[in-house]
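Sequence lines set the chain letters: A, B, ... in the order given, protein chains first and strands last, and positions in each chain run from 1.
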Amino acid sequence: MALLAYSIRRILMLIPVLVGMSIIVFSIIRAIPGDPALTILGEKATPQAIADIREALGLNNPWYIQYFDYMKDILSGNLGESLQTNAPISDEIIPYLAATTELTIVSMLIAVFIGVNAGILSAWKQNSWFDYSAMLIALVGVSMPIFWLGLMEQWVFAQELKWLPSVGRDNSRNPVEAITHFYILDTMIAGQWDQLWEVIKHLILPGIALGTIPMAIIARITRSSMLEVMRADYVRTARAKGLTQFWVVYKHALKNAMIPVLTVIGLQTGLLLGGAVLTETIFGWPGVGRYIVTAIGNRDYPVIQSGILVIATIFVLINLLVDLLYAYIDPRIKYR
Amino acid sequence: MKKRVLSATMTSLVALAMLIAGCSSTSTTQTPAEQPKTETPAPATEPAKTGPKQLIVGRGADTKGLDPITQTDGETFKVTENIMDTLIGFADGSTELAPSLADKWEVSPDGLVYTLTLKSGVKFHDGTDFNAEAVKYNFERWSDKSHPQHSPEGFEYYISQFGGYKGDANHIIKSVEAVDPTTVKFTLTRPLAPFLANLAMSPFAIGSPEALKKDVKKFNEHPIGTGPFKFVEWKRNDTITLEKNPDYWNKGFPKLDKLVFKVIPENTARLTALASGEIDLMDGLNTDDIPAVKDNKELQLFLRPTNNIGYIGFNVERKPLDNPKVREAIAYAINKPEIVTAFFDGVGEPAVNPMPKTMWGHNNDIKDREFNLDKAKQLLAEAGHPNGFKIKFWAMPVPRPYMPEGVKIAEAIQQDMKKIGIDAEIVTMEWATYLEKTRLGEQEMFMLGWTGDNGDPDNFLAVLLDKNSIGSNNYTRWANDEASQLMMKAQSTPVQAEREKLYKQVQEIIFKDVPMVPLAHSTPALAGKANIVDYNPHPKGTESLEKVDIK
């Protein structure tokens, strides 16, 4: 019961957060210098056309009127239309979101699998050569510029070794037909297994580039959390009962050690969803990060606003999910 | 248990190997493209010999919309020129006019009536007929604001090339008549010499009236024309796919079965994709990477004929730049040959006039000022600034074909200006803001450029320096009545030889009064697989790929 009440309270708290967010997003983009009308029309614009388009877009209205108009639309489920394409953003954003989500999931799978295991092994073999080298790599990984890592991956694995493709989500010579826009699912639904393999190959390099930082962070958090748990009494008891080290680590210690790791995974997933711009640019990945950045370059106000709002909402929702999971896993947490 | 530990260790080791592979290459200063080439091309590099012929074109940005009349940017026309045809075309690789949907044309002696004879038997991709009525429909849609398929945002290029819309004082096109199915007659309100060249511009491609009437919004996503390729699919920010139009009027073309435009924003990543065989052709090659392309046997280099100008402009309304002597002094202090050698990597040449040397009407008699700091100092002294002055110099924040490295070029000029006592502070800002502020005249000294649209001198001189272009593209705000009158006269003179004379005079006035220092005409570089044949980059920056073949 307490858990339910906590969950409801936690969900209600989202409302002011989301409203606040919308105000911030709205104000920030008004602070960007430059006239959207000119950007839409380009280098060859005439003043008359610029004036016309400003009027048509309502850019001459006071900002608070623009804000209320915008909120009215949002509440009725209308994210507005892109100035660039005239298409409803709620439709347009779906393929981008799917592309980014797919990449994020793969990155996080790589990051969690390697990060958690490396962290556990480091803790297990504390102060061994493995521990030292893993933590050194984690340090390098956290401070690695993604841009550089991505270009190096492309050079080594695509250009020189020719093992993996360097750009895009699929092979343009044999493109995937989008159904759900999640290409792994789409190829499975269509039963095109060779294409599924293509899609997976396309995910590897950007997945590693994007997953490196979370991987390093997760490894470090897992290690320190494990070390702490391993010193706990119940672990000592488990050991005293004669259980093997593997059993102690993976069955007894891991569950409790995972609580802080879970938080980090949640936070990182949220960050990746919105912050994948560099990876998406290098790897020609048609994701939501590039959707928004392109919109910023085009001064496509509705797309910038709605895009950031969608990302921020997802971020908040993932955090909510982590909090709820957290409460579920660890009954000691007090719901206040 | 051992197995699990082993697998975890192995995965970690793979990660370790990855990172070490990445780290160890930090010591190399070469760009990825300059690394030694592997001998064996991956299977993907060769399109299947028996399968359909595909060409994948890599480019830096996506198309904005596919209804060409609504757009002004090259990334749009790159695609639409393959789907839709214009009435008149350009010859391969040059700006000479050539037949397209119109086989021939006649101009009345007074320059007011243009009669075009259209090809017969041409069909739009939706199966409807192309004819004079279709041409009339397209022009009515563009020119008449009350037309149901006119866009509320307007048609930028229509206004700029034809002087406004129906009913506007300067609107050039009085009427468009469909005389018979293959004859269309344009009557103008006053002579407009570049009229035919305007018709050849990509935005004025003819779309299917039926498709436009059905759903004009959809047309922007799925254009229907008469061109060599049909639209298939658009995955935004990723790919646009076209397929061969088997009924194309130009028999024997297109050679390719499928054409894909793929967005890869990063220039280096695009070259990697080309080298690894994921794409076949790319534009926006960094000039630094030209040697790498030349050295790679699997690749070939293409150079686009020059049709642009990169210039250093002066806002002549600002002191002390309102004094022609000051402007001339700065012109003497700009070392053009050196800048072109250093920053254009052999793919540009110093400019003398604001229009490219390859264009008719270019004044070859004008001899450029030499780089001469003493002369510059002397002129400054004569202008009353023996000790120089302080000035703000706006540098372009983004690379453009006509100005590959704005800030670095500005720094080079800054050094020379210092030697004559001018203390230039380099100012830079985000690109859209830069354009807006220069349009409003907030700059002092600045850099910008222009790429030609239609092969007519009017499209360079009048656009950049006519007093009527102040507030649009005349960023120098130079208002010279004599030059403007000559340009206006040239615009309405039908005989090209006479126009040539007039434009040569205009160039002399510009050279003397120095509202800008033309810096360079560049040659944009592209790269493609070695097996591409008959690709002919067009000077206007975009072209139809109907003749391109893969051997």
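Contacts between B/E233 and chain A at a heavy-atom distance below 4.5 Å are absent for every atom of the residue. Residue A/S82: no heavy atom, backbone or side chain, is found under 4.5 Å from chain B. Of the two parts of A/P165, the backbone and the side chain both hold a non-hydrogen atom closer than 4.5 Å to a non-hydrogen atom of chain B. Looking at B/V260, the atoms closer than 4.5 Å to chain A (heavy atoms on both sides) all sit in the side chain, from C-beta outward.
Just one residue in the list A/L278, A/L203, A/T100, A/L103 forms a side chain to side chain contact (heavy atoms under 4.5 Å, CB included) with A/L210, and that residue is A/L103.
Interface check for chain B: of the options A/F147, A/F283, A/W285, the most heavy-atom pairs under 4.5 Å are formed by A/F147. Annotation: maximal heavy-atom pairing with chain B below 4.5 Å, among A/S172, A/G168, A/A158, occurs at A/S172. With chain A as the partner, the residue from B/R270, B/K258, B/K235 showing the most heavy-atom pairs under 4.5 Å is B/K235.
A distance-only check finds a donor-acceptor pair linking the side chain of A/E280 to the backbone of A/R290 [under 3.5 Å].
Between B/R59 and B/E75 a salt bridge is recorded (basic side-chain N to carboxylate O distance below 4.0 Å). The pair B/K262-B/E278 fails the salt-bridge criterion, with no side-chain N (NZ, NE, NH1 or NH2) lying under 4.0 Å from an Asp/Glu carboxylate O.
With sequence neighbours excluded, the residues satisfying side chain to side chain contact (heavy atoms under 4.5 Å, CB included) with B/S151 are B/E153, B/F155. For B/H171, the ring pair (Phe, Tyr, Trp, His ring centres under 6.0 Å) partners two or more places apart in sequence, or in a different chain, are B/Y158.
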